[in-house]
Amino acid sequence: MTERILQHADPSILKIIYARHSVRSYAHTPVDSAAIQTLLYAAVHAPTAMHDEPWAFVVVQDPVLLQRFSNMAKPLFVEEVRHRNAHGAGHSFEHFTRPDFNIFHGADTLILICAKPLGPFVAADCWLAAENLMLAASAIGLGSCVIGSAVAALNIHKVKTELGIPDEYSVIAPIVVGVSSGETPATSRKEPHILSWKK
Ligand SMILES: Cc1cc2nc3c(=O)[nH]c(=O)nc-3n(C[C@H](O)[C@H](O)[C@H](O)COP(=O)(O)O)c2cc1C
């Protein structure tokens, strides 16, 4: 069975899955509209519960806006982390307090996957779309990184208004994309932890 599956498997998709990793250093090489469209089409090909396709997208390529959103996001995220750490989590995010730290890692392009959070699977749909988008980025030679630390700031009412995001929508997955500057090694993974395998 496995042999038959492997015979028909496209090794390039596996290579892309294994090669994708978060990129945190970007060259100032603009990502053109055709590349962005490729990523968005890949995103909307993700599986979606009840074929709802709940997603909507925002693309930000204005460096002044990106810097402003980074500045807004940092104190909010530090506050969030303090709150979480007070309740038992233990991550340190000291670099978020540095004035020169940019949460978008200097990328010129930020894509927001937004949705009307109506059903129980909307977040799942959007995160599946996010992974499709990042794998597609990898396939066309672009780096990417999820920026969860920007979620709170990007969901502030006046930020949403500025970005043309209707009230009933939320920003679910902010993802930066761009040309990687230099080599970033792939991140290691633990072996799959199989709790049981009943035959
Ligand atoms: C929901 C989510 C939020 C994340 N938020 C951030 C973030 O704010 N900043 C960042 O640099 N990386 C962020 N990441 C990237 C993770 O740190 C990264 O995926 C993880 O360390 C594994 O590394 P890899 O993507 O290179 O395999 C986020 C990833 C996910 C899935």
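As a basis for the values below, the full set of heavy atoms in this structure was taken, side chains included, without hydrogen atoms, waters or symmetry mates. We count ligands from 1, going down the list as the structure has it; atoms in each ligand are counted the same way. Bear in mind the structure is a predicted one, so any value in this text is a computation, not a measurement. Quick note: residue numbers are just sequence positions, from 1.
Ring geometry for Phe77 versus Phe96: interplanar angle of 30 to 60°, hence tilted.
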Where does ligand 1 get N/O contacts under 3.5 Å from the protein, atom by atom?
residue  : atom   : partner : partner atom : Å
ligand 1 : 5 (N)  : Val146  : O            : 3.4
ligand 1 : 5 (N)  : Gly148  : N            : 2.9
ligand 1 : 8 (O)  : Gly148  : N            : 3.2
ligand 1 : 8 (O)  : Ser149  : N            : 3.0
ligand 1 : 8 (O)  : Ser149  : OG           : 2.7
ligand 1 : 11 (O) : Arg24   : NE           : 2.7
ligand 1 : 11 (O) : His105  : NE2          : 2.8
ligand 1 : 12 (N) : Arg24   : NH2          : 3.1
ligand 1 : 12 (N) : Val146  : O            : 3.3
ligand 1 : 14 (N) : Val146  : O            : 3.3
ligand 1 : 17 (O) : Arg24   : NH2          : 3.0
ligand 1 : 19 (O) : Ser22   : OG           : 3.3
ligand 1 : 23 (O) : Thr187  : OG1          : 3.4
ligand 1 : 25 (O) : Arg20   : NH1          : 3.0
ligand 1 : 25 (O) : Arg20   : NH2          : 3.2
ligand 1 : 25 (O) : Ser22   : N            : 3.3
ligand 1 : 25 (O) : Ser22   : OG           : 2.6
ligand 1 : 26 (O) : Ser22   : N            : 2.7
ligand 1 : 26 (O) : Thr187  : OG1          : 2.4
ligand 1 : 27 (O) : Arg20   : NH2          : 3.0
ligand 1 : 27 (O) : Thr187  : OG1          : 3.4
ligand 1 : 27 (O) : Arg189  : NH1          : 3.2
ligand 1 : 27 (O) : Arg189  : NH2          : 2.9

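For the residue pair Glu53 and His51, a side-chain donor N or O sits within less than 3.5 Å of a side-chain acceptor on the partner.
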* For Ile13 and Lys15, what are the C-alpha separation, side-chain angles and deciding distance, and is it a side-chain contact (heavy atoms from CB on, under 4.5 Å)? -> CA-CA 5 Å; Ile13 183 68; Lys15 273 192 196 152; over 6 Å; no

* Kindly indicate, with the supporting measurements, whether the criterion salt bridge (charged side-chain N to carboxylate O under 4.0 Å, His left out) is fulfilled by Lys160 and Glu168. => CA-CA 10 Å; Lys160 282 169 60 179; Glu168 65 272 27; over 6 Å; no

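Remark: the backbone N or O of Ala34 is paired with a side-chain donor or acceptor of Thr38 at under 3.5 angstrom.
In terms of the side chain to side chain contact (heavy atoms under 4.5 Å, CB included) criterion, residue partners of Val60 (sequence neighbours excluded) are, by chain and number, Val58, Leu65, Leu66, Leu110, Leu163.
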